[in-house]
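A short worksheet on the structure shown next.
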There are 2 protein chains.
Amino acid sequence: MIPVVSAPTERAVNLADVARLAGVSPATASRALGGHPHVAAATRERVLRIADELSYVVSPDASRLAGGRTGRVAALVPHLSRWYFAALVDGLAGALRAAGLDLLLHPVGDADDRVEYFRRLPARRAVDAIVTVAFPVDDAERERLEGLDVTVVAVGGQVGSHPFVTIDDEAAGRQAVDHLIHLGHSRIAMIETLDPEQRGDQPAGRRLAYERALADAGHPLDPDLDCTVEWGGEEGADAMARLLGLRHPPTAVYAHSDEVALGAVRTLRRAGLRIPADVSVIGIDDDPLAALTDLTTVHQPVREQGTLAGHMVATALSGSDPGPGIVLPTRLVVRGSTAPPRGLR
Amino acid sequence: MIPVVSAPTERAVNLADVARLAGVSPATASRALGGHPHVAAATRERVLRIADELSYVVSPDASRLAGGRTGRVAALVPHLSRWYFAALVDGLAGALRAAGLDLLLHPVGDADDRVEYFRRLPARRAVDAIVTVAFPVDDAERERLEGLDVTVVAVGGQVGSHPFVTIDDEAAGRQAVDHLIHLGHSRIAMIETLDPEQRGDQPAGRRLAYERALADAGHPLDPDLDCTVEWGGEEGADAMARLLGLRHPPTAVYAHSDEVALGAVRTLRRAGLRIPADVSVIGIDDDPLAALTDLTTVHQPVREQGTLAGHMVATALSGSDPGPGIVLPTRLVVRGSTAPPRGLR
DNA sequence: TTGAAAGCGCTAACAA
DNA sequence: TTGTTAGCGCTTTCAA
């Protein structure tokens with residue numbers, strides 16, 4: 001019986017197809033594609049040409065199953081809706097993509113997610129590397145991660161002794177507080193945030209900077225001026241309202257982040273106070289909105305941290321040494337929200 | 001010979017383990033886990049219990065290879081660094097995660113990425129579904145997508161006749177422009193953005209709203225008041241500067257997005273103009289920063305769109321009908337940046 | 001209702 | 001340098 005010519009369902013091109021057309025065995029084709037040694041130059045070239053013509057790309061699934069690599073990297077990230085995390089992931093995704101790696105997003109925002117995530121970790125073994133994105137990992141979690149035999153890279157923080165890319169939060173905080181001190185402020189309030197998820201040293205760094213900068217300048221530490229709230233613009237606004245209710249309100253405010261700072265700014269404006277004439281406000285991060293709102297802040301290269309972390313992952317996966325880690329510099333960006341004090345009354 | 005108890009290297013639990021402990025064949029275990037019919041209730045329960053005790057989770061790779069599902073969904077997204085995209089992805093990721101699905105991030109920001117991405121599409125077959133995140137897909141691309149035999153869902157836009165979640169951009173634009181008109185403005189400028197990547201109907205919708213609202217109100221359409229710039233706060237600021245240079249500057253500005261609007265606000269402030277006393281400004285989106293800056297805008301439920309899209313994907317993959325699509329309502333949010341006109345001089 | 005067997009696409013010994 | 005063989009962990013006919 002003559003076989004009916006059926007419309008070719010778009011079956012994906014596979015290794016066998018490439019091998020057949022190149023006139024070699026699948027094993028040789030695999031070696032050529034994988035860049036392994038011991039393949040004749042002519043053979044390799046032929047295989048690569050055929051593969052390219054067919055737009056062939058290995059099946060990550062099959063590859064992994066057979067003991068190879070998946071070409072996939074997981075990013076553990078608390079949430080994306082904040083600029084900081086999103087920009088970090090954006091940079092990471094770009095670098096991974098350029099390296100031919102796929103990014104799996106593993107949101108572990110709340111505590112339940114987190115517990116469940118680590119419980120199922122072994123099953124998540126389908127990645128070559130895990131990047132913790134501004135995600136403080138506790139010791140038990142770290143050990144689970146390490147038992148997985150995957151490359152671990154931290155960005156926006158550190159995890160054990162794995163390669164990392166981050167900034168020095170205490171240094172950034174010092175740049176901010178010292179700026180206020182240099183301007184002549186001494187009653188400086190701090191609006192610090194304590195994210196339930198953000199256990200870890202980042203808050204410690206920015207808080208430490210405040211305490212040490214004041215101490216170094218010989219200014220007293222007034223508990224009334226030390227506000228800790230949840231992260232967010234609205235929370236920053238509330239904190240500012242509380243500060244304004246003090247008998248001796250501050251002449252300057254050091255906020256944990258730009259968004260928190262903007263909340264404070266809103267409260268001040270609504271109270272009829274002028275910035276920076278009446279009160280100075282400084283944030284940290286240099287979120288794009290800081291430039292739009294003329295907010296003085298400390299710039300940290302966020303996207304770039306993600307990019308560098310992506311490079312590190314690619315380097316590590318290619319078998320090279322990514323190095324111990326990188327601490328990127330931050331810098332003060334003076335805009336229109338800070339000035340010398342003139343007294344609040 | 002008595003077998004030596006070897007330290008168990010943390011090998012992942014597999015189906016065979018579960019089957020063995022449950023006293024059934026791998027085939028039966030697979031059926032039980034997969035929720036297939038024709039499995040004795042007692043057997044199913046036993047298998048599930050064992051699996052749970054062992055924290056067993058199927059290997060997506062092996063499952064897919066064997067003809068099953070991957071449990072993975074790809075999100076095609078232009079970039080993450082803007083709040084809108086990030087919030088959309090955040091919602092999507094949350095819903096997928098709740099449904100036990102993994103999210104693969106496929107950034108296709110620039111034109112090269114895009115071409116390359118679609119060229120290699122067949123190889124990307126390792127997902128069950130693809131979600132286009134505010135990503136206008138052209139006809140050729142859509143056809144490639146459809147040849148892939150995966151579920152396609154669009155969020156923040158539409159793709160062919162695939163299920164979608166979006167807003168009505170023209171309606172949102174009307175809410176904004178009509179608000180200005182109702183306040184009594186007639187010289188209303190538009191700062192529209194034309195993202196090189198954002199071919200598609202979203203710009204059309206917001207622009208159309210402007211033209212129609214003015215026409216309906218009987219106000220003339222002054223080409224001088226129609227600015228088109230690239231997306232961004234700085235670009236919005238530049239556009240505003242140009243508008244201020246006109247012989248008859250506008251009394252109100254309708255911006256394509258909140259970030260663009262904030263750029264305009266900065267220019268106005270720096271020019272010594274008061275908002276809204278001298279000039280009214282309205283944006284669209286209700287980015288969190290709009291609340292912090294007292295910007296009047298039109299709210300669209302961004303995160304929720306992502307969440308709903310995730311539900312749709314889960315529904316479709318479970319074999320149910322996700323329905324044709326959803327258009328979510330937007331609403332005007334009046335804050336402090338709009339008021340009746342008083343003339344500019 | 002259950003089990004046996006085949007095979008998804010690939011890689012990595014081991015041979016040749 | 002290349003080919004042969006044997007799985008990776010799972011799902012799915014087909015047979016019992």
Side-chain angles (χ1 to χ4, degrees), chain A residues 9-48 50-51 54-72 122-128 149 317, chain B residues 9-48 51 54-72 120 122-128 149 317:
Chain A
T9 87
E10 187 163 356
R11 182 181 65 75
V13 179
N14 63 24
L15 222 211
D17 297 330
V18 175
R20 192 163 5 84
L21 265 73
V24 296
S25 73
T28 299
S30 173
R31 281 186 284 248
L33 263 354
H36 289 235
H38 307 305
V39 180
T43 307
R44 157 165 294 131
E45 198 177 322
R46 187 152 30 93
V47 171
L48 290 179
I50 301 273
L54 268 45
S55 289
Y56 166 81
V57 185
V58 294
S59 155
D61 305 290
S63 174
R64 204 205 91 76
L65 211 50
R69 290 295 170 179
T70 64
R72 267 182 236 126
R124 304 249 164 212
R125 59 206 183 285
V127 294
D128 300 336
D149 186 34
L317 291 183
Chain B
T9 87
E10 187 163 357
R11 181 180 65 77
V13 178
N14 62 25
L15 222 211
D17 297 328
V18 176
R20 193 165 0 87
L21 265 73
V24 297
S25 72
T28 298
S30 173
R31 280 187 283 251
L33 263 354
H36 289 233
H38 308 303
V39 180
T43 307
R44 156 165 297 128
E45 200 178 320
R46 187 152 30 93
V47 171
L48 290 179
L54 268 45
S55 288
Y56 166 81
V57 184
V58 293
S59 154
D61 304 290
S63 174
R64 201 204 95 75
L65 212 50
R69 290 296 172 179
T70 65
R72 269 183 233 124
R120 305 205 139 192
R124 304 250 163 211
R125 59 204 182 286
V127 294
D128 300 336
D149 186 35
L317 290 183

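None of the values given here were measured: they were computed from a predicted structure. The sequence lines fix the lettering, A, B, ..., with proteins before strands; numbering per chain opens at 1.
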With respect to the phosphate group of [N], does any side-chain polar atom (N or O) of [X] fall under 4.0 Å of OP1 or OP2?
| X | N | value |
| --- | --- | --- |
| A:Ser25 | D:dG3 | yes |
| B:Thr43 | C:dT2 | yes |
| B:Ser59 | D:dC10 | no |
| B:Tyr56 | D:dG9 | no |
| B:Ser30 | D:dC10 | no |

Worksheet item: Is B:Arg31 reaching over with its side chain to a backbone N or O of B:His36, donor-acceptor style, under 3.5 angstrom?
Response: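 No.
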Any chance you could measure [X], atom [atom1], to [Y], atom [atom2], to the nearest 0.5 Å?
| X | Y | atom1 | atom2 | result |
| --- | --- | --- | --- | --- |
| B:Leu15 | B:Tyr56 | CG | OH | 3.5 Å |
| A:Ser59 | B:Leu65 | OG | CG | 6.0 Å |
| B:Thr28 | B:Leu33 | OG1 | CG | 11.5 Å |

Fill in: From D:dT12, D:dG9, C:dA12, nucleotide with atom closest to B:Ala27 side chain
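Of D:dT12, D:dG9, C:dA12, D:dT12 is nearest to the side chain of B:Ala27.
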Atom pair distance, as rounded to whole Å: [atom1] in [X] and [atom2] in [N]:
| X | N | atom1 | atom2 | result |
| --- | --- | --- | --- | --- |
| B:Leu15 | D:dC10 | CG | C1' | 6 Å |
| A:Leu65 | C:dC8 | CG | C1' | 9 Å |
| B:Arg20 | C:dG3 | CZ | C1' | 16 Å |
| B:Asp61 | D:dC10 | CG | C1' | 10 Å |
| A:Asp128 | C:dC10 | CG | P | 16 Å |

Item to complete: Would you jot down, in residue-number order, the residues of residues 33-40 of chain A having a non-hydrogen atom under 4.0 Å from DNA chain C?
Response: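 Heavy-atom contacts with DNA chain C come from A:His36.
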Worksheet item: Are side-chain heavy atoms of A:Asp17 and A:Asn14 found at a separation under 4.5 Å?
Response: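 Heavy-atom side-chain distance check passes, below 4.5 Å.
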Fill in: pair B:Val24-B:Arg44: side-chain heavy atoms closer than 4.5 Å
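B:Val24 does not reach B:Arg44 side chain to side chain.
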Worksheet entry | Minimum heavy-atom distance between A:Gly71 and A:Asp128, given as atom pair plus value |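 Closest approach of A:Gly71 to A:Asp128, heavy atoms only: N-OD2, 2.8 Å.
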Discussion item. Heavy-atom nearest nucleotide on DNA chain C for A:Arg31 versus B:Gly23: which residue maps closer to 5'?
Written reply: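 Mapping each residue to its closest nucleotide by heavy atoms, the 5'-most match is B:Gly23.
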Fill in: Residue mapping more 5' on DNA chain C - nearest nucleotide basis, B:Val24 or A:Pro26
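Final value for this comparison: B:Val24.
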